[in-house]
Amino acid sequence: MANAIHDLTKLLTRLPLEAQALITMARAGLMTPESPLRLLQMAQAFEHYGAYGAAIRIAALRDGDRPGVVDDLGVLTFAELDRRSNALANALRDLGIRAGDGVGILCRNHRGILDAIFAAAKAGAKAVMLNTDFAGPQAKAACDREGVKFLVYDQEFEHVSADVEAPLGRLIAWADGSSDVPTTESLIATGDGRPPTAPEKPGTVVILTSGTTGTPKGVTREVNMSLLAPGALLGKVPFRRGEATFVAPPVFHAFGLATTLFSIALSSTVVLRRRFDADVVLRATANQGCGALILVPAMLDRLLELGKERIDEFDLSALRIIFSSGSQLTGAVASQAMDVFGDVVYNLYGSTEVAYVAIATPDDLKAAPGTVGRPPLGVTVRIYDEKGQPLPQGTTGRIFVHNGEEFSGYTGGGSKEILEGFMSTGDVGHFDEAERLFVEGRDDDMIVSGGENVFPGEVEDLLTAHEAIHEAAAVGVPDDALGQRLQAFVVLNSGAHLDADEVKAHVNRNLARFKTPRDVIFLETLPRNAAGKVLKQQLIEMDADE
């Protein structure tokens with residue numbers, strides 16, 4: 001009885017938020033009147049295939065003739081994408097795939113990765129999203145851990161996947177030449193395009209964490225029935241139904257996958273390219289009349305490197321949103337982007353484990369360029385100290401969040417720390433007087449220098465804002481006198497000149513003495529993964545090798 005009362009109280013508490021989310025979604029065109037028959041078909045699709053499989057089925061029912069994806073090969077409508085995934089799902093069933101079986105997907109951004117995700121969901125399988133930056137041992141370890149029985153991959157990754165055990169078979173999603181391995185296109189062309197019978201349970205998706213400092217972990221992402229997630233996003237970022245959206249981040253990454261599925265839910269055309277090229281991205285954005293451009297900060301930086309004169313050659317008049325996430329968006333890049341593109345930059349702070357935490361609007365980024373914004377609808381954020389005590393506004397501490405979308409644990413075991421129902425993001429930061437959130441670095445990046453806590457993010461932000469510095473990173477290294485000291489890695493702007501002493505003096509003038517880097521190493525570029533995050537472990541190892 002007590003549990004029933006608790007659940008009812010929880011539901012009643014959420015009802016006003018759910019209602020607000022519904023209104024926001026209706027304004028964006030996500031919720032529209034439908035005939036009873038179509039509503040029944042949509043409900044059946046969700047019941048049979050879950051959120052991932054139903055996404056393309058519902059888009060096909062609502063806007064089947066509308067372009068669903070535009071990639072390097074051309075255009076496919078939503079109806080065509082739906083039929084293709086039906087045919088592939090039926091073929092996977094014939095090959096022995098059953099509910100819960102793991103299907104590894106190692107693909108770049110093109111129609112093939114969408115075919116595989118939707119087909120796996122409709123077959124009731126577990127789609128395991130593999131990183132295209134993996135080496136062979138990483139791919140094998142991830143597939144072994146996640147129980148992969150079937151593999152879909154681009155032919156260029158044949159050597160990476162060579163040691164992966166796939167007892168039920170393999171398919172090539174993008175062929176660069178001849179091969180003995182069959183292709184998804186061949187199975188789709190000869191397959192049954194009718195909707196598959198409902199699996200024993202809907203399919204799921206496993207996303208692997210970025211693994212910048214260790215072995216990537218698996219996170220199962222299941223979509224619940226709450227309206228708060230789409231309502232939270234639409235309450236901050238003005239996406240609208242029926243536009244075109246260029247998705248540049250890898251679809252295997254949480255941000256790329258989420259924005260792709262969200263665009264499909266809005267019946268918006270998803271524009272993809274297999275490889276990121278700044279010129280190609282802007283040309284496609286202009287040619288397709290994209291209202292939104294999805295990027296990680298490193299990609300936005302690459303666009304800005306083209307220069308305003310080149311960017312102005314493209315007709316970007318339809319572009320209303322540049323949506324960034326996946327890694328830190330520095331204040332310098334945010335400000336420069338709005339100088340060039342206008343007040344269209346939005347930034348999402350979140351992670352694979354906790355989903356979304358805060359969203360910065362153009363107004364936020366203009367007022368405080370380094371902020372990650374404010375928590376959206378239904379999200380509560382708290383700052384705790386190392387002993388688990390809440391900290392007052394303005395004090396730096398560990399960031400914890402509650403939004404109802406937190407993951408339930410890693411597929412290999414373990415989870416994130418939870419305090420009073422709030423989950424750790426793994427970051428440290430603070431709120432300013434306007435209740436804007438600032439992230440100062442990773443909790444595990446913090447070093448103790450001379451008894452003082454030092455967060456690399458503060459030094460990185462300062463260096464990146466220097467007119468001669470293009471990008472910078474800092475890591476902790478041993479120091480005989482202080483225990484630890486920061487070491488900075490700096491990439492200069494083209495034609496700029498700066499030596500190590502000048503970098504140290506700049507930090508010393510602006511921050512406390514103990515935050516000054518012990519050493520400064522100049523690089524041509526910082527090592528990053530496919531999601532644009534700096535690989536700090538490589539920097540640490542680089543120092544160890546010297």
Side-chain angles (χ1 to χ4, degrees), residues 17-18 20-21 23-25 27-28 30 226-240 243 245 247-249 253-263 265-266 268 291-297 299-300 319-331 333-335 337-338 341-383 399-406 422-423 425-427 429-432 434-440 531-532:
L17 293 175
E18 296 284 353
Q20 188 175 342
I23 293 170
T24 302
M25 292 165 62
R27 288 173 178 167
L30 188 55
S226 172
L227 302 178
L228 287 185
L233 178 57
L234 290 170
K236 290 280 189 176
V237 189
F239 288 102
R240 294 293 179 266
E243 295 187 328
T245 299
V247 179
H253 184 258
F255 183 49
L257 177 61
T259 49
T260 296
L261 294 175
F262 189 72
S263 297
L266 282 168
S268 292
L293 173 57
I294 314 297
L295 299 164
V296 298
M299 292 174 173
L300 179 55
L319 187 62
R320 302 185 300 106
I321 300 165
I322 293 179
F323 194 34
S324 166
S325 188
S327 61
Q328 180 191 19
L329 176 65
T330 66
V333 171
S335 297
M338 288 194 290
F341 293 102
D343 294 346
V344 298
V345 179
Y346 298 78
N347 186 60
L348 168 71
Y349 165 54
S351 72
T352 306
E353 293 90 344
V354 302
Y356 52 94
V357 180
I359 299 175
T361 66
D363 287 343
D364 292 325
L365 294 171
K366 283 191 296 183
T371 186
V372 295
R374 297 180 174 90
L377 180 71
V379 179
T380 306
V381 176
R382 290 182 183 173
I383 309 295
I399 302 172
F400 284 71
V401 63
H402 176 67
N403 57 21
E405 296 291 334
E406 303 91 343
F422 286 68
M423 180 172 284
T425 66
D427 294 321
H430 71 276
F431 282 101
D432 69 3
E435 299 184 348
R436 291 182 292 252
L437 181 62
F438 291 77
V439 178
E440 297 174 37

[atom1]-[atom2] distance between [X] and [Y], expressed to the nearest 0.5 angstrom:
X      : Y      : atom1 : atom2 : answer
Leu234 : Met25  : CG    : CE    : 7.0 Å
Leu365 : Leu329 : CG    : CG    : 6.5 Å
Leu257 : Thr259 : CG    : OG1   : 8.0 Å
Asn347 : Gln328 : CG    : CD    : 9.5 Å
Arg240 : Leu266 : CZ    : CG    : 9.0 Å
Leu437 : Ile383 : CG    : CD1   : 5.5 Å

Which residues satisfy the side chain to side chain donor-acceptor pair (under 3.5 Å) test with [X], sequence neighbours excluded?
X      : answer
Glu353 : Ser351, Tyr410
Tyr349 : Thr425, Asp427
Arg374 : Asp364
Ser263 : none

(request) List for me each residue that meets ring-ring contact (aromatic ring centres under 6.0 Å, His included) alongside Phe431, sequence neighbours excluded, and say none if there are none. (result)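 Phe431 satisfies ring-ring contact (aromatic ring centres under 6.0 Å, His included) with no other residue.
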
(message) Test of understanding: with ring-ring contact (aromatic ring centres under 6.0 Å, His included), list the residues that count as partners of Phe255, not counting sequence neighbours.
(response)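 For Phe255 the ring-ring contact (aromatic ring centres under 6.0 Å, His included) partners, ignoring immediate neighbours, are Phe323.
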
State, yes or no, whether a side-chain contact exists between [X] and [Y] at a heavy-atom distance under 4.5 Å.
X      : Y      : value
Pro249 : Ile294 : yes
Val247 : Phe262 : no
Ile321 : Thr245 : no
Leu348 : Val237 : no
Asp432 : Thr371 : no

In chain order, what residues pass the side-chain contact (heavy atoms from CB on, under 4.5 Å) check against [X], with sequence neighbours excluded?
X      : value
Pro376 : Ala232, Lys236, Tyr356, Ile359, Val379
Ala355 : Arg221, Asn403, Glu405
Val344 : Ile322, Phe341

(request) Heavy atoms only: give me the nearest Ser325-Pro297 pair and the separation to one decimal. (result)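 For Ser325 versus Pro297, the nearest heavy atoms are O-CD, 3.2 Å.
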
(message) Quick check: closest heavy atoms across Ala368 and Arg436, and the distance to 0.1 Å?
(response)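 So the minimum-distance heavy-atom pair works out to CB-NE, 3.6 Å.
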
(message) If the condition is salt bridge (Lys or Arg N to Asp or Glu O under 4.0 Å), which residues does Glu243 pass it with, not counting sequence neighbours?
(response)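 Partners of Glu243 by the salt bridge (Lys or Arg N to Asp or Glu O under 4.0 Å) criterion, ordered by chain and then number, come out as Arg320.
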
(message) So does Glu18 get a backbone contact from the side chain of Gln20, meaning a donor-acceptor N/O pair under 3.5 Å?
(response)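 Not confirmed, Gln20 side chain does not pair with Glu18 backbone.
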
